[in-house]
Peer 1: 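Provided herewith is a single structure, encoded as structure tokens, for subsequent inquiry.
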Amino acid sequence: MPALDRFADLIRRKSEQQNLVARATLNALWQRHFLDSAQLLPLANDQPGTWLDVGTGAGFPGMVVALVIERPVILVEPRRLRADLLRQVAEQEGIAARVTVQQAKVERVTGATASVISARAVASLSDLLQSTAHLADMNTLYLLPKGQSATTEMNEARRRFAGLFHVERSITDPASGIVVAHNVKERR
């Protein structure tokens with residue numbers, strides 16, 4: 001995976017200039033960020049269509065997805081320096097034709113409905129479902145690493161949203177979970 005190696009090197013170099021990932025995690029970059037991102041791929045069940053990653057930050061999980069599989073990916077990141085970095089990676093790796101970087105908050109993003117929506121450490125599950133509703137339909141699959149609060153957040157979200165929800169155990173931290181949801185709609 002030379003593209004991932006180049007991306008890891010860039011993250012390490014650029015982290016000296018801007019806070020891309022917590023400094024304490026730089027030595028565990030592959031486990032803490034790359035594997036943590038890549039573990040979402042099998043959960044997507046080869047669902048075709050656009051993968052939208054909210055609050056991509058330094059590219060986790062969205063850029064990892066874009067570098068590993070061939071599919072359209074939209075990376076939503078409001079911070080200019082990080083959005084610029086993501087564009088640079090897409091250009092250098094020759095994937096800019098299928099990777100779009102939107103420098104905006106997700107509420108301002110418009111366009112096609114996403115097939116998969118991911119987000120890592122962005123907002124509460126309920127807030128995330130609300131803020132992405134305009135980019136989703138009943139077929140959209142949500143893959144949302146939520147750490148140790150996964151079950152609690154899922155149960156809270158079920159009060160406000162109907163759909164099929166479950167928690168998958170993270171392979172990088174057995175105490176953490178990934179909320180998997182589809183057929184999501186707000187209760188009226």
Side-chain angles (χ1 to χ4, degrees), residues 1-16 18-47 50-71 73-77 79 82 85-86 89-90 93 95 99 101 106 114-129 132 140-158 164-182 184:
M1 296 265 174
L4 291 176
D5 285 331
R6 288 188 295 273
F7 184 43
D9 289 341
L10 182 67
I11 293 296
R12 284 187 190 97
R13 281 194 327 273
K14 293 291 185 175
S15 287
E16 294 173 10
Q18 61 174 308
N19 185 25
L20 294 175
V21 297
R23 291 210 185 278
T25 66
L26 278 173
N27 289 335
L29 196 60
W30 284 96
Q31 172 84 9
R32 178 67 182 93
H33 299 289
F34 283 80
L35 181 58
D36 195 57
S37 297
Q39 73 177 324
L40 300 182
L41 292 167
L43 298 176
N45 296 323
D46 297 323
Q47 184 158 330
T50 300
W51 187 304
L52 182 129
D53 187 43
V54 179
T56 301
F60 306 109
M63 185 57 78
V64 172
V65 169
L67 291 169
V68 172
I69 61 173
E70 182 99 8
R71 74 178 306 152
V73 177
I74 300 171
L75 307 173
V76 180
E77 174 52 49
R79 292 166 287 192
R82 291 185 183 189
L85 174 75
L86 297 169
V89 172
E93 295 302 328
I95 58 174
V99 175
V101 178
V106 72
S115 176
V116 177
I117 295 177
S118 61
R120 192 172 165 226
V122 172
S124 74
L125 180 57
S126 291
D127 289 346
L128 188 58
L129 294 173
T132 59
T140 299
L141 176 66
Y142 285 89
L143 299 175
L144 308 167
K146 298 304 287 179
Q148 295 178 3
S149 68
T151 300
T152 301
E153 287 194 47
M154 180 185 67
N155 290 335
E156 289 172 3
R158 282 181 167 157
L164 300 173
F165 292 84
H166 74 277
V167 174
E168 291 283 335
R169 183 174 294 175
S170 170
I171 64 171
T172 60
D173 179 0
S176 293
I178 302 162
V179 175
V180 179
H182 64 282
V184 175

Peer 1: I'd like to check Phe34 versus Val68 (side-chain heavy atoms, cut-off strictly below 4.5 Å). Are they in contact?
Peer 2: no
Peer 1: So which of Val21, Leu20, Val65, Asp36 actually passes side chain to side chain contact (heavy atoms under 4.5 Å, CB included) with Phe60?
Peer 2: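 Answer to the side chain to side chain contact (heavy atoms under 4.5 Å, CB included) test with Phe60 among Val21, Leu20, Val65, Asp36: Val21.
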Peer 1: Decide yes or no on side chain to side chain contact (heavy atoms under 4.5 Å, CB included) for Phe165 and Asn155, but give the supporting numbers first.
Peer 2: CA-CA 9 Å; Phe165 292 84; Asn155 290 335; over 6 Å; no
Peer 1: Between Asp127 and Ser124, is there a side-chain heavy-atom distance shorter than 4.5 Å?
Peer 2: yes
Peer 1: Rounded at 0.5 Å granularity, tell me how far NE2 in His166 sits from CG in Leu43.
Peer 2: 7.0 Å
Peer 1: Looking only at heavy atoms, which two atoms of Val167 and Gly177 are closest? And how far apart?
Peer 2: CG1-CA, 3.8 Å
Peer 1: Has Asp173 got a side-chain atom pairing as donor or acceptor with Ala175's backbone, closer than 3.5 angstrom?
Peer 2: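 Present.
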Peer 1: Do the side-chain N and O atoms of Thr56 and Glu77 include a donor-acceptor pair separated by under 3.5 angstrom?
Peer 2: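 Not at all, the side chains of Thr56 and Glu77 share no donor-acceptor pair under 3.5 Å.
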Peer 1: Take Thr172 and Arg32 through the test side chain to side chain contact (heavy atoms under 4.5 Å, CB included) and record every step on the way to the result.
Peer 2: CA-CA 7 Å; Thr172 60; Arg32 178 67 182 93; 6.0 Å; no
Peer 1: Is the closest side-chain heavy-atom distance between Thr140 and Val184 below 4.5 Å?
Peer 2: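 SC-SC contact between Thr140 and Val184 ruled out.
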Peer 1: Closest approach of Pro145 and Ala119, non-hydrogen atoms and distance?
Peer 2: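 Heavy-atom minimum between the residues: CD-O, 3.2 Å.
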Peer 1: Please find the pair of heavy atoms, one from Arg120 and one from Ser37, that lie closest to each other, and give the distance.
Peer 2: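 Here Arg120 and Ser37 meet closest at NH1-OG, 4.2 Å.
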Peer 1: Name all pairs fulfilling the salt bridge (Lys or Arg N to Asp or Glu O under 4.0 Å) condition that reach into residues 2-13, sequence neighbours left out, sorted by first residue then second.
Peer 2: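 Listed once each, the pairs are Arg6-Glu93, Asp9-Arg12.
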Peer 1: Any chance you could lay out the side chain to side chain contact (heavy atoms under 4.5 Å, CB included) test for Leu86 and Met63, step after step, and finish with the verdict?
Peer 2: CA-CA 7 Å; Leu86 297 169; Met63 185 57 78; 4.2 Å; yes
Peer 1: So Arg79 and Leu85, do their side chains get closer than 4.5 Å, heavy atoms only?
Peer 2: no
Peer 1: Measure the spacing between CG of Asp53 and CG of Leu40 and express it to the nearest 0.5 Å.
Peer 2: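 With rounding to 0.5 Å, CG (Asp53) is 8.5 Å from CG (Leu40).
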Peer 1: Can any side-chain N or O of Ser149 pair as donor or acceptor with the backbone N or O of Thr152 at less than 3.5 Å?
Peer 2: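 Pair absent, no side-chain N/O of Ser149 close to backbone of Thr152.
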Peer 1: Considering non-hydrogen atoms only, spot the tightest contact between Ile11 and Ser15 and give its length.
Peer 2: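 Shortest heavy-atom contact: O-OG, 2.7 Å.
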Peer 1: Would you say Tyr142 and Leu128 make side-chain contact, with heavy atoms under 4.5 Å?
Peer 2: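 Contact flag for Tyr142/Leu128 side chains = no.
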Peer 1: Who pairs with Lys14 by salt bridge (charged side-chain N to carboxylate O under 4.0 Å, His left out), at least two apart in sequence or on another chain?
Peer 2: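 Expected list: none.
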Peer 1: Using a distance-only test with no angle check, is there a side-chain donor-acceptor pair under 3.5 angstrom linking Gln39 and Ser170?
Peer 2: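 On atom types as modelled, these side chains qualify, holding a pair under 3.5 Å.
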Peer 1: Using the rule given for side chain to side chain contact (heavy atoms under 4.5 Å, CB included), can you reason through Phe7 versus Leu29, listing the C-alpha separation, both sets of side-chain angles and the distance that settles it, and then say yes or no?
Peer 2: CA-CA 11 Å; Phe7 184 43; Leu29 196 60; over 6 Å; no
Peer 1: Any idea which heavy atoms bring Leu52 and Ala114 closest together, and the distance?
Peer 2: CB-CB, 3.8 Å
Peer 1: Using only atom types and a distance under 3.5 Å, with no angle test, would you say the side chain of Ser118 pairs donor to acceptor with the backbone of Leu143?
Peer 2: no
Peer 1: When rounded to the nearest 0.5 angstrom, what distance separates CG in Leu141 from NE2 in His182?
Peer 2: 7.0 Å
Peer 1: State, to 0.1 Å, how close Pro42 and Ala38 come at their nearest heavy-atom pair, and which atoms those are.
Peer 2: CD-O, 3.6 Å
Peer 1: Is the shortest side-chain N to carboxylate O distance from Lys146 to Glu153 below 4.0 Å?
Peer 2: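 So Lys146 pairs with Glu153 through a salt bridge.
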